[in-house]
Amino acid sequence: MIREYKTIREIASPLMMVQQVEGVTYDELAEIELPNGEKRRCKVLEVNGDTAVVQLFESAAGINLKESKVRFLGHSLELAVSEDMLGRVFDGMGRPIDGGPEILAEAYRDINGLPMNPAARDYPNEFIQTGVSTIDGLNTLVRGQKLPIFSGSGLPHAALAAQIARQAKVLDESSNFAVVFAAIGITFEESEYFVQEFRRTGAIDRAVVFTNLANDPAVERIATPRMALTAAEYLAFEKDMHVLVILTDITNYAEALREVSAAKKEVPGRRGYPGYLYTDLATMYERAGRRIGKKGSITMIPILTMPEDDKTHPIPDLTGYITEGQIILSRELYRKGIIPPVDVLPSLSRLKDKGVGPGKTREDHAGTMNQLFAAYAKGKEAKELMTILGEAALTDIDKLYAKFADEFEKRYVNQGNETNRSIEETLNLGWELLSILPASELKRVKPEHIEKYLPKK
């Protein structure tokens, strides 16, 4: 039921107070009509008796309190969904901005959705190939997983996000695969980069792109990831597709949440973020996964820039609690010219063991993964010793480990943004690097795998 009022009492941008209202509910969508017929969208933030506090999606400039009307629409923010969304670019509110026609909706979905019922969840256990060795080989992404990328300002996370969106696929050819990409609070240049990159490589055909720019209203920034997840839920659970959702940058989302919270005069929590930041992030992240009885799945890669490269900052800290691991980008590797600069040792995928092995990747995957980790860690230690004590202090075997660490960074980690490696290529490259070490050092791989896969010198 649509109700109209001319009782706007006060505007403190972006908030507006409407009095003498009836039957208005929290999160309900509304529109304000100016005397000249122009309409602006807003939503209800708070209802107290017969007074509603409404938040504007656009600016409050030019609103005349006496002459303007507020219309409450009786439902919360909705997204028109249909398979026609694939190949299209939308703004943060779900409106097409690629010059194409409006979407012919098969349904309208409330963007707030619901986190998946734990009893209805199916365990993630199928491999997704991203074409990036450090992820596929060492921190394997599994269908239905939430695996964030922790970056720092100035590091090339945008290029890595575009690369994963472009290259990611499931290995059984019969499955439908789609990417939902949401850019939150980014600059116009970054937005153009993503859209052009998708068009250049043809990845746009199986992608749905939402872009919210830095100069768009903060409240729209809060809606954008939910728009993306609503589109993903529709494609995954109604159309049986395997959907990879990439959200960049969650830090901008949290900043917008802080801005809106401050406007509402809520009591701030840690570093000024609202106390419900954990709950709010969880309501988004927990919409990813696999459902029992449904063929489709939602896998999520949220990307966030850590303020001051601080892993203990509230945003990466809380994200780490909710998600199953993290991929960390390293400034030190980036300075060495290694792209993508994935810091292998502190990165972690908690579900990697579930997505590797015979029938998923290859029988030797688990062993080589553990062996590469161990050898790289030992090689880094040997290089540190070399820096402090000089090369003469190292044993011959330590020198081999130091050489392994250098080669590992140069050839395995450093693959550039255009190289798409299959899982076989990644595993074979791992064996090539392990051949630097004597076979007696390979204690984490089975002897039969050494016999079968280790290149003969």
Side-chain angles (χ1 to χ4, degrees), residues 1-80 90-95 97 108 110-113 184-185 210 212-227 230 252-269 272-277 279-280 283-284:
M1 190 178 83
I2 295 175
R3 299 168 303 284
E4 237 179 44
Y5 297 94
K6 275 184 126 178
T7 51
I8 303 172
R9 284 291 164 266
E10 188 185 333
I11 294 180
S13 186
L15 303 183
M16 185 168 75
M17 199 175 281
V18 189
Q19 292 186 329
Q20 295 162 28
V21 298
E22 272 179 33
V24 172
T25 57
Y26 171 73
D27 223 23
E28 187 175 337
L29 201 59
E31 59 185 28
I32 178 165
E33 191 177 321
L34 308 192
N36 63 3
E38 184 194 338
K39 290 179 182 169
R40 294 182 193 170
R41 296 210 283 179
C42 45
K43 74 168 185 177
V44 177
L45 273 191
E46 201 177 299
V47 183
N48 194 350
D50 67 348
T51 303
V53 177
V54 177
Q55 178 158 23
L56 290 155
F57 287 129
E58 288 122 306
S59 91
I63 296 177
N64 179 322
L65 296 189
K66 277 205 170 76
E67 302 299 318
S68 301
K69 291 186 279 199
V70 178
R71 197 173 293 121
F72 292 95
L73 304 179
H75 60 80
S76 56
L77 200 51
E78 291 179 327
L79 176 67
F90 302 88
D91 69 4
M93 298 300 281
R95 294 173 293 230
I97 52 169
Y108 286 89
D110 181 347
I111 67 160
N112 293 306
I184 307 159
F210 293 86
N212 162 267
L213 299 180
N215 59 342
D216 289 332
V219 68
E220 185 176 307
R221 207 154 300 148
I222 294 169
T224 305
R226 292 184 165 81
M227 290 274 174
T230 305
N252 294 337
Y253 169 83
E255 298 288 346
L257 208 60
R258 178 162 70 175
E259 198 177 310
V260 170
S261 171
K264 284 155 73 179
K265 297 188 169 58
E266 291 174 340
V267 178
Y273 293 97
Y276 51 79
L277 179 63
T279 318
D280 192 278
T283 57
M284 282 196 323

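Nothing here was measured: the structure is a model prediction, and the numbers come from that model. In what follows, every heavy atom counts, from backbone to side chain, and hydrogens, waters and symmetry copies are set aside.
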Which side-chain N or O atoms in residues 17-26 pair as donor and acceptor under 3.5 Å with protein atoms at least two apart or in another chain?
unit_1, atom_1, unit_2, atom_2, d
Gln19, OE1, Arg9, NE, 3.1
Thr25, OG1, Glu28, OE1, 3.2

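Between Leu56 and Pro217 the shortest side-chain heavy-atom distance does not fall below 4.5 Å. With contacts defined as side-chain heavy-atom distances shorter than 4.5 Å, the pair Phe57/Met93 qualifies. Using a 4.5 Å cut-off on side-chain heavy atoms (C-beta onward), Thr283 and Tyr276 make no contact. Residues Glu4 and Phe72 fail the side-chain proximity criterion, which asks for heavy atoms closer than 4.5 Å. Two residues are said to be in side-chain contact when any heavy atoms from C-beta on lie closer than 4.5 Å; Leu34 and Asn64 fail this criterion. Residues Arg226 and Leu79 fail the side-chain proximity criterion, which asks for heavy atoms closer than 4.5 Å. With contacts defined as side-chain heavy-atom distances shorter than 4.5 Å, the pair His75/Tyr108 does not qualify.
No hydrogens or angles considered: nothing links the side chains of Ser76 and Asp27 as a donor-acceptor pair under 3.5 Å.
At most 12 heavy atoms of other shown residues, nucleotides or ligands fall within 6.0 angstrom of atom CG in Asn48.
Residues that satisfy the salt bridge (Lys or Arg N to Asp or Glu O under 4.0 Å) test with Glu38, not counting sequence neighbours, are Arg40. Legend: residues meeting salt bridge (Lys or Arg N to Asp or Glu O under 4.0 Å) with Glu220, ordered by chain and number and at least two apart, are absent.
Between the side chain of Arg221 and the main chain of Asp216, a donor-acceptor pair closer than 3.5 Å is present.
Between Tyr253 and the choices Thr224, Asn212, Asp280, the side-chain hydrogen bond (donor to acceptor under 3.5 Å, both in side chains) rule is met once, by Asp280.
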